[in-house]
Number of protein chains: 4
Amino acid sequence: MNEELRAAVDAARVRVAALHAELPRWGLVVWTAGNVSERVRAGGDGTDDLLVIKPSGVTYDELTPEAMVVCDLDGELVEGTGAPSSDTAAHAYVYRHLPEVGGVVHTHSTYATAWAVRGEPVPCVLTMMADEFGGDIPVGPFALIGDDSIGRGIVETLRGSRSPAVLMRGHGPFTIGPDARAAVKAAVMCEEVARTVHVARQLGETVPIAQGDIDSLYARYQGVYGQQDHTERRDA
Amino acid sequence: MNEELRAAVDAARVRVAALHAELPRWGLVVWTAGNVSERVRAGGDGTDDLLVIKPSGVTYDELTPEAMVVCDLDGELVEGTGAPSSDTAAHAYVYRHLPEVGGVVHTHSTYATAWAVRGEPVPCVLTMMADEFGGDIPVGPFALIGDDSIGRGIVETLRGSRSPAVLMRGHGPFTIGPDARAAVKAAVMCEEVARTVHVARQLGETVPIAQGDIDSLYARYQGVYGQQDHTERRDA
Amino acid sequence: MNEELRAAVDAARVRVAALHAELPRWGLVVWTAGNVSERVRAGGDGTDDLLVIKPSGVTYDELTPEAMVVCDLDGELVEGTGAPSSDTAAHAYVYRHLPEVGGVVHTHSTYATAWAVRGEPVPCVLTMMADEFGGDIPVGPFALIGDDSIGRGIVETLRGSRSPAVLMRGHGPFTIGPDARAAVKAAVMCEEVARTVHVARQLGETVPIAQGDIDSLYARYQGVYGQQDHTERRDA
Amino acid sequence: MNEELRAAVDAARVRVAALHAELPRWGLVVWTAGNVSERVRAGGDGTDDLLVIKPSGVTYDELTPEAMVVCDLDGELVEGTGAPSSDTAAHAYVYRHLPEVGGVVHTHSTYATAWAVRGEPVPCVLTMMADEFGGDIPVGPFALIGDDSIGRGIVETLRGSRSPAVLMRGHGPFTIGPDARAAVKAAVMCEEVARTVHVARQLGETVPIAQGDIDSLYARYQGVYGQQDHTERRDA
């Protein structure tokens, strides 16, 4: 690992460790569930890129930068004393097949997972969904851990979609973003809208937002929201 | 900015920054969503008044008094290093058209937003709703961001209403008050009653409070509740 | 106030202030809502007893022992710089008419209030309800603030009942106990069972516990649970 | 008590006290409800084993290692100044009859208890349920406290089951594990899946996972998840 890559990996360790704290903070995970990863670009065509991810089965209290593990994009351990998260293969598959993606997050957050259990997309009935997701949050296939099924399901569902979130059937949400922070934000917003639409539906029908309105909300939000030196774009 | 106005703006920065912490504290917002503003009166007919508001896309951990931004009542930036909240135009519209309003709050709090998605007012079935809202919490129109539609929808719904809260259809609640603290309280109470009435409805019908009882509860509460030197009026 | 009473009042101030923190801790209140009081026995026939209660419209962050107010059992202010809670008359009525009661708590906790809105008792379908409440949690009448209606409704419902909690219709729960701590515990347990039974009911019918089983659970729990020098009696 | 057993008991006191903090942290208990115990093996055939458990009716703030109590496997007090938890007999019964069990936890967590009130097993519709529970979470009989009924109900339901959790009818969940930490994790995951499946069911039917898929998920998870020197096995 050259000096530049070394520095980039170390910076990603700090970011990824800190971002894990957002998952319990916003009620997205319990115990050791959930994981955040970030791509570290090595230059070139991306085949030498690395990813920094949470070690398997470690509690959120123990997630220091040093505890993070580093893998290549085949999911093989490059650096770290612990085994990588058991979802590493899915993260790595996403990075291999979606070169624009710089961060991936997985949780079992309650409301998003409930939609995933029913295999129902979250319908776009909220202006904040139009802003963030540009439409419905789609459902991906039921897939078992152990091979590329989960990664493939994520990529096939999200490639070409505006949504940075997919609800993997019977499993839970995966979210992506240009970096780990954006993917964490998408995980937080995914649960927020999954919960709000669930609650709205409990007492009656919900009214979809017209496609033209969705399009203009999405265009505006992705273009102008937030500070210029900031990846944040949510209304605030 | 003369010395008096300078001091008033600085005091409002401190108050508005501190009040933002109440939004995540009571579970009304996630990530960078939501915003609080306060009017700073410049004397005269109000056209020179200013407003202090949250910058766009900044997390709740970063909301110091210095991070707040100051705008005029056309929503133009007067002071501050960040872009103002993307909802600033709506806040400014309210201040321009409702001169008695000194504070505005916007959230996407779950239960209030769920009623807004269905376009259903929250019915007045609780004594605390009679106290605080003097009747149902009304629904405002569906409106897109980008012009005066949201502000106009808020003003048309709340002008002449006892309720300090409006549920903007498909979007979420906006609340007003004589100052920012009162508007924050209205946002907290709006979510509280939206949640309680939602839960009540889940298992059966709810019984409306008779109009005469609502009127007497509202009159008493707005008149005598709380300490004399205090804006608080909730039973405690 | 003689020295003994002085000391008893001051000790009650400390207890009542500290117990208020339990209300937001267990999610029973928002903003300034809710109140805890404790009787201070003056000896004699009880007509000279005092009560220590929260001042009106003050936030939970400000509730020091010094901030508490002291009233006589007609609800008149005896000591304190703030106005007493607007529910003081109801507390005082309870102390006047139920001499065994040493503590009273009022909240608008979500699930208990939802049952109160529908005017439905919480049915005794849980062993912990049999332990704590000895049966259903009863509903009291709809009553307006301003005279003795609320206090009378509480007393008429709870006199002779095993339950330390009453759901005042369209309003919320009031709980009682031998001291303020026991009344706070009853408020916490009331919300807990109101929520659990609500959730159980959402997906189907619930099975009542047989009266004989309720009776034996209640007898055991009230007799033997907890440490001997302790008012706590919940399984732990 | 010989030196080795002394050291083992003291280490268990530290672990059990610390693990109690996980119950309120993950929202499984209110007030003094709930309890964690751990077996201390004395060698031999297990009849001299001890258990460390929470004292009865003590708040979570007071749970220091010194406050824990030690009992034999008949539930008789061996060491400690407080009375043992009123559920000690049930814990002791489990340790006597399931020699592989090293930890037991009891809570009244809301969603798990709601399924228990209806007497309905939580169906295995989530990959994380297949991982953790290897199938449905089963329901045990309605049983009164005071004799061996509760312990017997737990043992009869869990003996030979993959599930480390049983929902005791009209009462709440009990969980087991090779040590107290594993039993606490099972209590946390039990509530998590009970809540998620409840929410999924509120808006429609849920799709069971095929038995073959459950079997392969369970086999993989119990075999390879987590760090080698760690009891944790949840995806992370």
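Every chain is numbered from 1, with letters handed out A, B, ... down the list of sequences. Source: prediction; values computed, not measured.
- Nearest heavy-atom pair, Val30(C) versus Trp26(B), reported as atom, atom and distance to 0.1 Å: CA-CZ3, 3.5 Å.
- Proximity to chain C (any heavy atom under 4.5 Å) is shown, for Leu203(B), by both the backbone and the side chain.
- Atoms CD and CD, from Gln202(B) and Gln202(C) in turn, are 4.5 Å apart once rounded to the nearest 0.5 Å.
- Applying the salt bridge (Lys or Arg N to Asp or Glu O under 4.0 Å) definition to pairs two or more places apart or across chains, those involving residues 9-22 of chain C are Arg6(C)-Asp10(C), Arg13(C)-Glu79(C), Arg15(C)-Glu38(C), Glu22(C)-Arg25(C).
- Contact annotation for residues 205-214 of chain B against chain C (heavy-atom separation below 4.5 Å, listed by residue number): Glu205(B), Thr206(B), Val207(B), Ile209(B), Asp213(B).
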Checklist entry - Ile145(C) and Thr127(B): side chain to side chain contact (heavy atoms under 4.5 Å, CB included), yes or no, with the steps? => result CA-CA 9 Å; Ile145(C) 200 165; Thr127(B) 55; over 6 Å; no
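- Every pair passing ring-ring contact (aromatic ring centres under 6.0 Å, His included) that includes a residue from residues 179-207 of chain C is listed here, sequence neighbours excluded: Tyr111(C)-His198(C).
- Counting only heavy atoms from C-beta outward, the side chains of Thr113(C) and Leu126(B) approach each other to under 4.5 Å.
- With a 4.5 Å cut-off on non-hydrogen atoms, Val36(C) does not touch chain B at all.
- Within the structure, salt bridge (Lys or Arg N to Asp or Glu O under 4.0 Å) pairs that include any residue of residues 115-125 of chain C comprise Arg118(C)-Glu120(C), Glu120(C)-Arg201(C) (at least two apart or interchain).
- Nearest heavy atoms, Leu144(C) versus Ser216(B): CD1-OG, 3.7 Å.
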